[in-house]
Amino acid sequence: MMAEGLLLAALPEHLLLLGILTLLVIDLVSSRARDPFLPALLTVLLAAAAAGWLAWAGHVAAPFPGHFSVGPQAFTAKAVLLVLTVPVLLLGREERLDSRFAMLLLASLYGAFLMLSADSLIMLFFGIEVLSLPLYALVVLAYRRPQSAEAAMKYLVLGGVGTAILLMGISLTLGATGGLGVDDFQQALAGDDFMSRGAVVLVVVAFMLKAAIVPFHTWAPDAYEAATIPVTAFMATIVKAAVLLALVRLFGGAEAGPALVAVLVVLPLLSIVWGNLAAMRQPGFRRLIAYSSIAHAGYLFLVLLGAPEGRFETVTFYVIVYGLTNVLALACLPAGQDWLRDRLVGLKGLYHRDPRAAILIAVAMLSLAGIPPFPGFVAKFLVFRTVMEAGFVAVAVVGLIASYLGIYLYLRVIQYMFMTPSPAHPATRPTGGFAATAGVLAFMAVLVAGVFPGWILGWL
Amino acid sequence: MDNTHLLLAVSGTLFTLGLVGVIVRRNLLVMLMFLELMLNGVLLSLAVFTQLLGVEAGAVLMLLVFTVAAAEIAIAVPILLLLVRAGHTLDPGAYGGLKG
Amino acid sequence: MTAMNGMLTLLVLLPLAGFILNGVLGRRLGPVFVNGVGVGLPILAFLTALWAWRTLEAGGGVPIIETVFTWAVIGEHVFEVAFYLDRLSAVMALIVTGVGALIHIYSIGYMRGDEGYARYFAYLNLFLFFMLLLVLGRSLLVLFVGWEGVGLASYLLIGFWFQDVTKARAGRKAFITNRVGDAGFLLGMFLIFTTVGTLEMDRINEAFAGGLIPLGVATAVGILLFIGATGKSAQIPLHVWLPDAMAGPTPVSALIHAATMVTAGVYLVARMSGVYLEAPAASTLIAAIGVLTAFLAATIALVQTDIKKVLAYSTISQLGFMFLALGVGAYGVAVFHLFTHAFFKAALFLGAGSVIHALNGEQDIRRMGGLARRIPWTFGTFAVATAAIAGLPPLAGFFSKDAILWFALASGQGGAAWLWALGSLTALLTALYMFRLLWLVFLGRSRMEPETERHVHESPVTMTAVLVVLAFFSVIAGWFALPHYLEPLLPVPALRFDSALLHWAQIGFAVVLALLGLAAAAWLYQDGGRRGDEAWERFQRLHRMLAGKYFVDELYERTLQRPWRWLSDRIFLRLGDRVLIDGSLHGLAGLARWSAAVFARVQSGSLHWYAWMTLFGLVAVLIWVWRHV
Amino acid sequence: MSEANALNLLLFLPVIGGALLLLLPERRPDLVRGLSMLVLTAQLALAAWLYVQFEAGVSGLQFETRVPWIATWGVHYHIGLDGLNLLLVLLTAFLGPLVVAGAFTSITRDVKLFHGMVLFLQFTMLGTFLAQDLFLFYVFWEAMLIPMFLIIGIWGGERRIYATLKFFLYTAFGSILMLAAVVYLAFTVLSQDGSPSFAIADLHLLELAVPVQVLLLTGFALSFAIKVPMVPLHTWLPDAHVEAPTAGSVILAGVLLKMGTYGFLKLGFPLFPDAAQLATPLIMTLAVVSILYGAGLALVQDDIKKIIAYSSVSHLGYVMLGLVSYNLLGVQGAVIQMVSHGLVAGGLFLMVGMIYERCHSRDLAAYGGLAKLLPVYSVFFMLLTLAAIGLPTTSGFTGEFLVLLGAFDAAWPLFEQGRTYPLALASAAVLGIVLGALYMLRLVRRLLFGDARVPEAGGAELRDLNLREMSILAALVAAIFYIGLFPNDFLQKTEQAVIEYQERVLPARVEEGGP
């Protein structure tokens, strides 16, 4: 009973592990470097199917009581992350990244899954570490460029500081509530004494650092810019989603205390403003995506102010839409020398060179800006509705105005693509096969989410 | 009971010293060491609470922290090597290429 | 209320058909077609008007009402387009179509060879259509449609030769000044609509007569409608456009700016007599402005050197007389003067046209003289018309002007001695400037340039025949007892003191004034106006004032047009749009760009700085959380 | 319920057209133009049929479709025709083919994208008019900005990027505040069965505290006022018009500006009657200021398009005045004035486009005496000017007359109660007809009369209007004179909805012992 219970409950994790092992074996056995794409894709699809089926079946289990438990919400979250990984793998294949990329990716996913079904702070800490460490390596993978090592070092040092802050928070929780469970943390959330308030804040700050909220965001722009396109996509979408979903699970049914509320209002709003404004003058596309993801992290953190019941749906929907749009934008970037293809200047007059890609990027930009009829608007509406419904009307209005600041930066991209003439001899050529398929897949999903948001919302 | 406060204060100072060290020192290796210092500060506070409240999970966590610290360094060093091979210096100030 | 089937509608639509036919086909099918349509249809309209008048008289003067269609029904308000024929509108219709037809015939000769020939007749027919709409409309709304329509027609016709910018600008000035009047008219209409609930004029008169409208409202309505009338009938202060309207072809000046359109204001006040009976204050205002306009216009006419300008100011002056009559409650008399004025003023204008035609374009009377022998027919008719306007018995002007002066003195509703005195003085001046014109243009030595003098020729018969007809009517028009004919509709005011002796004395005095004017003019302007000029030497400043038309145009330019243009340009555009609104927006955009730069600089790339920010953030948050423990 | 699908077909026809457009090859612009012309003409025919089928005097929606869209929030795809949007839908459908026909020769680059954008714009505009669900309304309301942004941005003049960004960001700011209000309403409005609802009908039954109403109305009103545009928020209009291609200007002036006034009519005042009462003096003042300010600015411009742009500000000032009078005459006049302005401004912009195609200059000083060179063009220009001035027998007069009459009719009882301010405003508005004549006749005199002069780019082969251009303008002029002479049919069809609008806004005043 014990065995198949464990097997079934943690099926996605086991499949991931199996995937990593097979890749390892292939790497060891074969003489020349084999393309890791197919096994990795297979693993992810299998795991996604498993997670989806388990979520649909409503399977609930706690193989390691007190540390690791799964429920429909956990499985849905995992399914979402896996679905979002598929286009990332496609992008990886486009860049002809080797098996190290695939293995590190799956390992990082494994860590994310641990976080999403953690019941104790130990498991949560362990999950975050397994999520983060492969990431540092992933950022370095583009070692042909010196900046990637520099970015990885910055990411690592600040990530290390983040982990230390998390651990200090956990130890203070232990001190305050006498336990290391997630429910103990929720109890500390309500607590008003010195130690529990410190514990809660430290943990939240650690998560803010991982999710790149101002002023703990400094590693993000450099890391996003230095990494290769698939890794940037992975960081912007899946990692951010995992961190936020874990935070929602961590907060569970508890409401944030008055002291923490101020933090959860000011810093996210600051992030929205900072992200939107800083992105206005960025010459590089990935750096623009970095600042935009800081702003969107701001939106996501605002959800924590809302009523506990609505949080999971709102964050999940937002994460799906945000992830798809980001991947769509990154997938359709014109191919070419890695450093050059990132320049916004390279996008000039793209419509005349590659109309399909231009339109897809434009759709992504408009959705990120939150302009109807694209799904970004529904997501933004959902976030601010939850915030306003919880009584933070002023915060919602300020947040909306801050989101207005972000419209110009997305319009600027559209302006480059449609309204400026194409340079005489463009340095970039239209996107390759795999990236194009990733783009089309993401576009289909974005269209469905845009036209029929009701389905996804109903299903959550 | 006052010595727990003392010990907590020590762990707090260790922790902040670690962070300040990262900011001040001009050498990347030393910065990594200061990272370790921060983790040690945390370990101390964990030890205090585990011993005080008798919760074994604290000890498990401490063990886990050792392993993770080791893993972190294991990744940090190769990145450092890559960095130094390109920049020929350990001073983080030299590595300011990515900005804006 | 017998509703004849479509007679009035036919009357109105005939000129419209003329406009459409000439407008669309005129240019292609040549002058013959244009003449046929352009002149034929107005004549047909005149015959229909006669037929309508006869049916009206046959029906014992009972008004004929013809509802065409319902324009709009909003809530319980119904706006209908209906035509209303009673004796007043019959008279007006006859004048409009009669004089109109004559002037169309005259135009054949005058406009021959002009490349906009078809366009000219199209516009003239359009004018007739709108004028008939104005005259026959039952509701103020239909009247207003005609009112603005004739404004449009006069705009198009004044600026007919649009290549010349000054003529186009004169057209625009006419339209704008009329529009100012129309604004007042609209307000009057709204006030009536709000208080009475309908716009139909007969019902309005009944409501006002019924006495259920407060005095204040009646006065306000009276004044507002009068503002509309001053705009259209060129009374002070909105008279500035009429002299410039002379830029149009002369037949246009005759038809629109003498006989018909400018009398629309008089018709309006006469039609709304019910209102003015209830508003004595408004009536006295009308009388005062009327007599004042008459006097000032007459003084200006004395010094004008352009033959058409003299006649233009004469028209303003005569209109002043009509409003004087209206002001003292003598509505019938005003219409009677309108009736006679239409004939002799049309004759004068067409005569002037014939003179200009003869001297191919010369309009300055200082370079005319001695034309009597060369263009006898024109001289004859011009002389008759001049006598008529001067008020020499037994011609038309004498009867109507004398009646006005009599009622100005004796009317129970606001008659006053000073009104009569100023009126009589103006009558003297009228005679003076008209005979001055006669002398300078036709008698005395010829002051023409040699080559114009060489081929001076009498106008073709189509023109002179019309002059003769008009001259004939200028003679006999006075004998119709029009005020008595319009008696039931437009009540003659009770007299303050009824002494036949005073009446005859007043008539005699008026005749003496006319003869005095004649003699003075003869004496002053015998040989080319030499003595006249000497006379003016002594009154140098007064002469400059009169020649400059009291500098009213310059006054408007400085007090209205320039400030509005300055306000729009400096305040609205430069300050409002560019500095305040756009400036602040660009400021905000600059602020956003500046802060973007700041945020980008914060991302300095150095690990130490990043770590420092993390520490700063952590410390700040901790302080905030632990601040009051 | 077959006719309900007719309305759905009307709405989605451009989308179908757009989809078909994708199949056509880029190299064949004539096919693209043909298809989009076909689709829009079909849409016009359908709209005309719907207009005829629409029964006057029946309250509530006709051809209604209500299908859940986002079930969990209570958002429905809910569209329907009522008195308020009937005429505007007809106007949009009427202008559609004219815009495309007008753009046959002027748009040569990226023709497929252009017609795709025009169809998408047509779809979003009709959606906004037809939407009876607040969320659906908002989605269409903002979606409208995208095609317009691209049309101005890609095919515009030299400063097109500045102009289109200014247009987008200006309107988007208003919409953001409106979004805040919509979000607030999202969870406060409950339908009968208690679930949250966005149906505008439910919104009308809402009882909100006055301060809340004021806040929400500010959010809505700001967004609509920018779109109208009312004076302090209008500076995007001249730039957008000057830089937009002819087709863009025509749609912008013809339909987009009506969104603001329609917004006030549909959502602004009826949803928050008490706040509307408080805001009436301010909005009435801004309306009259818009009339005079617009007329003033139009007088001092040298760019023909700017003159017509500012004239739009002035004309829409009348519409706002009519709406705020809450008088049956005034509001009916406002509805007619909206349609009339759509036709007149649309026509004028088309004509400017035609002269720009020939002489590539919009500077008034470079032109003169066109009546001599282009007689047919001048006749049409004169006719449209007359409508712009509001000369009787044209639609301009019908609109202005009813609005001014309504405003005066509403202001007079207040005057009798001692409040002279509304009456002063109504009288000042009447002054607008003089100022209107001033700038329009200045434009006509400088353009058509005087000695014949054409910018050197015009060249010798200056030919008069061809058949296509003449038919477009003839259609517009016919419509203008039809509304001018026989507006009754239109008024009957909109009366019922206007009465309901009046009842919703006025009861608040009746309690205060109003007229």
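From a predicted model like this one, the values you see are computed outputs, not experimental measurements.
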Heavy-atom contact with chain C under 4.5 Å, split by part of [X]:
X	result
D:V444	side chain
D:I389	both
D:L404	both
D:F490	neither
D:L491	side chain
D:Y439	neither
D:L402	side chain
D:R442	both

So does C:R172 get a backbone contact from the side chain of D:R445, meaning a donor-acceptor N/O pair under 3.5 Å?
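Not a single qualifying donor-acceptor pair exists.
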Short question: side chain of D:N488, backbone of C:V73 - any donor-acceptor pair under 3.5 Å?
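At least one qualifying donor-acceptor pair exists.
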Specify which of D:V498, D:I499, D:D489, D:L405 makes the most heavy-atom pairs with chain C at under 4.5 Å.
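Looking at each of D:V498, D:I499, D:D489, D:L405 in turn, D:L405 comes out on top.
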Pick whichever of D:T398, D:I433, D:L448 has the most heavy-atom pairs under 4.5 Å with chain C.
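Most heavy-atom pairs under 4.5 Å with chain C: D:I433.
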Minimum side-chain heavy-atom gap [X]-[Y] below 4.5 Å:
X	Y	result
C:F185	D:V430	no
C:L186	D:F408	no
D:Q301	C:L573	yes

Evaluate D:T235 against C:D582 for side-chain hydrogen bond (donor to acceptor under 3.5 Å, both in side chains), listing each step before the verdict.
CA-CA 7 Å; D:T235 47; C:D582 269 359; 3.2 Å; yes
Does D:F415 have more than 12 heavy atoms from other residues, nucleotides or ligands lying within 6.0 Å of its CZ?
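Counting neighbours around CZ of D:F415, 12 or fewer heavy atoms of other residues, nucleotides or ligands fall under 6.0 Å, so no.
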Under 4.5 Å from any heavy atom of chain D - which part of C:R578:
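Contact with chain D: none, neither part.
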C:W564 portion near chain D, given a 4.5 angstrom heavy-atom threshold
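Just its side chain gets close to chain D.
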Report the C-alpha distance between D:W412 and C:V217 in whole Å, list the side-chain angles of each, state the deciding distance to 0.1 Å, and finish with yes or no for side chain to side chain contact (heavy atoms under 4.5 Å, CB included).
CA-CA 11 Å; D:W412 181 255; C:V217 168; 3.9 Å; yes
Going through the distances and angles, do C:H77 and D:L328 end up as a side chain to side chain contact (heavy atoms under 4.5 Å, CB included)?
CA-CA 10 Å; C:H77 303 296; D:L328 190 59; over 6 Å; no
Do C:F69 and D:F486 have their ring centres less than 6.0 Å from each other?
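Close enough - the centres of the two rings lie under 6.0 Å apart.
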